[in-house]
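In what follows, chains are A, B, ... by sequence order, proteins preceding strands, each numbered from 1.
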Amino acid sequence: AQRVTQPEKLLSVFKGAPVELKCNYSYSGSPELFWYVQYSRQRLQLLLRHISRESIKGFTADLNKGETSFHLKKPFAQEEDSAMYYCALSGGDYKLSFGAGTTVTVRA
Amino acid sequence: GAGVSQTPSNKVTEKGKYVELRCDPISGHTALYWYRQSLGQGPEFLIYFQGTGAADDSGLPNDRFFAVRPEGSVSTLKIQRTERGDSAVYLCASSPQPGLAGGFYNEQFFGPGTRLTVL
């Protein structure tokens, strides 16, 4: 069975402050991990994936297999980062398992 | 180009009624997915189509739920004898083709969802 846990429902930070969204997973094989984002009144969209190892909009995420984590980080939060963020896992069968999501609010 | 579209955007029905939810994927995308998102939760997988066939329907909660994709493009999710617990946002996603062996994954593009309310 595969499971994704996002322990924080809500996260509030000041503009310019670092932000970290936690994601832990359980999966017996080698998963692929993703972060999806949903801005207000927009549809769910892919933010980044661990395989590409790229930084998108200043966000990075490192897959730590020892700790089974895939935390999302940004050193300086911007107001436009306010959104709902979902961590997701694929076990190689194309369907995604999502966490419950974290709502991020960046305050001026 | 146009993204994934879903109709209707909102559907209110009464307990026991039958509903159909439609998804128009991005043109040329062979893979299509349905997810259900209950309040305060992340999306949960329901069913995956590759072309016209349902390659994985393991997420359908019971036999009241059924989905078709007869021509390999538009898909319809059908719910019989709706219950209040079926109330949720139903999301559709499509991707160009399923991932290749070895872990390559094709991005799923999501539609805006259909909000179903069962009274």
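When side chains are defined from C-beta on, Pro43(B) counts as touching Leu44(A), because their heavy atoms get closer than 4.5 Å. Side-chain contact between Tyr35(B) and Leu96(A) is present, with at least one heavy-atom pair separated by less than 4.5 Å. No side-chain heavy atom of Leu46(A) sits under 4.5 Å from any side-chain heavy atom of Gln108(B).
In the hydrophobic clustering of ILVMFWY residues, with side-chain heavy atoms under 4.5 Å counting as a link, Val4(A) and Leu46(B) come out apart. Hydrophobic cluster membership is shared by Val104(A) and Leu48(A), with clusters built from Ile, Leu, Val, Met, Phe, Trp and Tyr side chains linked at under 4.5 angstrom. Under the 4.5 Å side-chain heavy-atom criterion for Ile, Leu, Val, Met, Phe, Trp and Tyr, Leu63(A) and Phe34(A) are members of distinct hydrophobic clusters. Hydrophobic clustering keeps Met84(A) apart from Leu33(A) (ILVMFWY residues linked when any side-chain heavy atoms are closer than 4.5 Å, directly or through intermediates). No continuous path of ILVMFWY side-chain contacts below 4.5 Å connects Phe109(B) to Ile56(A), so the two sit in separate hydrophobic clusters.
No side-chain donor-acceptor contact under 3.5 Å links Glu107(B) and Tyr36(A).
Two rings, from Phe45(B) and Phe98(A), have their centers 6.0 Å or more apart.
Taking a 6.0 Å sphere around CG of Leu39(B), one finds it holds 12 or fewer heavy atoms contributed by other residues, nucleotides or ligands.
Heavy-atom proximity under 4.5 angstrom to chain A picks out Ser58(B) from residues 58-70 of chain B. At a heavy-atom cut-off of under 4.5 Å, chain B is reached by no residue from residues 71-80 of chain A.
A donor-acceptor pair under 3.5 Å is absent between the side-chain atoms of Lys95(A) and the main chain of Tyr33(B), judged by distance alone. Side chain of Arg43(A) to backbone of Gly3(B): no donor-acceptor contact under 3.5 angstrom is found.
Only the side chain of Gln37(B) comes within contact range of chain A, with at least one heavy atom under 4.5 Å from a heavy atom of that chain.
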